[in-house]
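Notes follow the structure.
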Amino acid sequence: MAEEKKTKEPKFTEYKGKPLVRSGKTIYYGDMNDPYVVCLTVKSEKEENGVKIADDVTVQLISTDPTVSPKDMVLKKSEKKGVFTALDLGAAWLERQLKKG
């Protein structure tokens, strides 16, 4: 009896119901199938109690439309202290932009 293999989509960490994916010092928040996602880039880190934590973070709301030119992909951009502050700002931007359509 042959066993059927089930194809599983990888399970990503989520924040407020949307995927959160890290690649090096870049964190993407949102579903790549949506028209917009948030890109967080860790610019600098500091060490506290022997653990490295993000200090300066760039937040960008970007379009996922492949027909948009790279210079027009960034809709909003800001610099924040700490990844959680940056992620909260990015989540608010993304939610508002997705509601607009």
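Computed from a predicted structure; not experimentally measured. The analysis underlying the following values was restricted to heavy atoms, covering all of them including side chains, and did not include hydrogens, waters or symmetry mates. Position 1 is the first residue of the sequence, and the numbers go up from there.
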request  = Answer yes or no: is there a side-chain heavy-atom contact under 4.5 Å between Thr13 and Pro19?
outcome  =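 They are not in side-chain contact.
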key: Thr26 and Cys39, any side-chain heavy atoms less than 4.5 Å apart   = yes
Return the [atom1] to [atom2] distance between [X] and [Y], rounded to the nearest 0.5 Å.
| X | Y | atom1 | atom2 | value |
| --- | --- | --- | --- | --- |
| Leu40 | Lys80 | CG | NZ | 12.0 Å |
| Lys76 | Gln97 | NZ | CD | 7.0 Å |
| Lys25 | Thr58 | NZ | OG1 | 12.0 Å |
| Asp55 | Lys81 | CG | NZ | 4.0 Å |
| Leu61 | Ser78 | CG | OG | 12.0 Å |
| Tyr28 | Thr64 | OH | OG1 | 12.0 Å |

inquiry  = As a quick check of understanding, evaluate side chain to side chain contact (heavy atoms under 4.5 Å, CB included) for Ile27 and Val21, giving each step before the final call.
reply    = CA-CA 6 Å; Ile27 302 167; Val21 180; over 6 Å; no
Can you name the nearest heavy-atom pair linking [X] to [Y], along with the distance?
| X | Y | answer |
| --- | --- | --- |
| Leu94 | Gly30 | CD2-CA, 4.0 Å |
| Val38 | Gly90 | CG2-O, 3.2 Å |
| Ser63 | Val68 | OG-CG2, 4.0 Å |
| Val37 | Met32 | CG1-SD, 3.9 Å |
| Ile62 | Leu75 | C-CD1, 4.3 Å |
| Ala86 | Val59 | CB-CG2, 3.3 Å |

task = Consider only side-chain heavy atoms of I, L, V, M, F, W and Y, link residues closer than 4.5 Å, and tell whether Val57 and Ile53 are in one cluster.
result = no
task = Return yes if a side-chain donor-acceptor contact under 3.5 Å exists between Asp72 and Ser69, otherwise no.
result =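 Yes, side-chain donor-acceptor contact under 3.5 Å.
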ask   = Is it the case that Asp31 and Tyr36 place a side-chain donor and acceptor less than 3.5 Å from each other?
value =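 Their side chains do not contain a donor-acceptor pair, so the 3.5 Å distance test is not met.
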query = Do other residues, nucleotides or ligands put more than 12 heavy atoms under 6.0 Å from the NZ atom of Lys43?
reply =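 No.
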ask   = Could you go step by step and tell me if Glu14 and Lys16 meet the salt bridge (charged side-chain N to carboxylate O under 4.0 Å, His left out) rule?
value = CA-CA 6 Å; Glu14 291 188 353; Lys16 295 187 178 182; over 6 Å; no
inquiry  = As a quick check of understanding, evaluate side chain to side chain contact (heavy atoms under 4.5 Å, CB included) for Asp88 and Tyr15, giving each step before the final call.
reply    = CA-CA 10 Å; Asp88 280 342; Tyr15 178 72; 2.3 Å; yes
message = Assess the residue pair Asp34 and Lys18 against the criterion (side chain to side chain contact (heavy atoms under 4.5 Å, CB included)); give the C-alpha distance rounded to whole Å, side-chain angles, the decisive distance to 0.1 Å, and a yes or no.
response = CA-CA 11 Å; Asp34 287 341; Lys18 298 207 180 300; 4.2 Å; yes
query = Is there a donor-acceptor pair closer than 3.5 Å between any side-chain N or O of Arg96 and the backbone N or O of Leu98?
reply =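 Looks like no, no N/O pair under 3.5 Å.
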query = With no hydrogens and no angle check, is any side-chain donor or acceptor of Asp65 less than 3.5 Å from a backbone partner on Thr67?
reply =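 A pair under 3.5 Å: yes.
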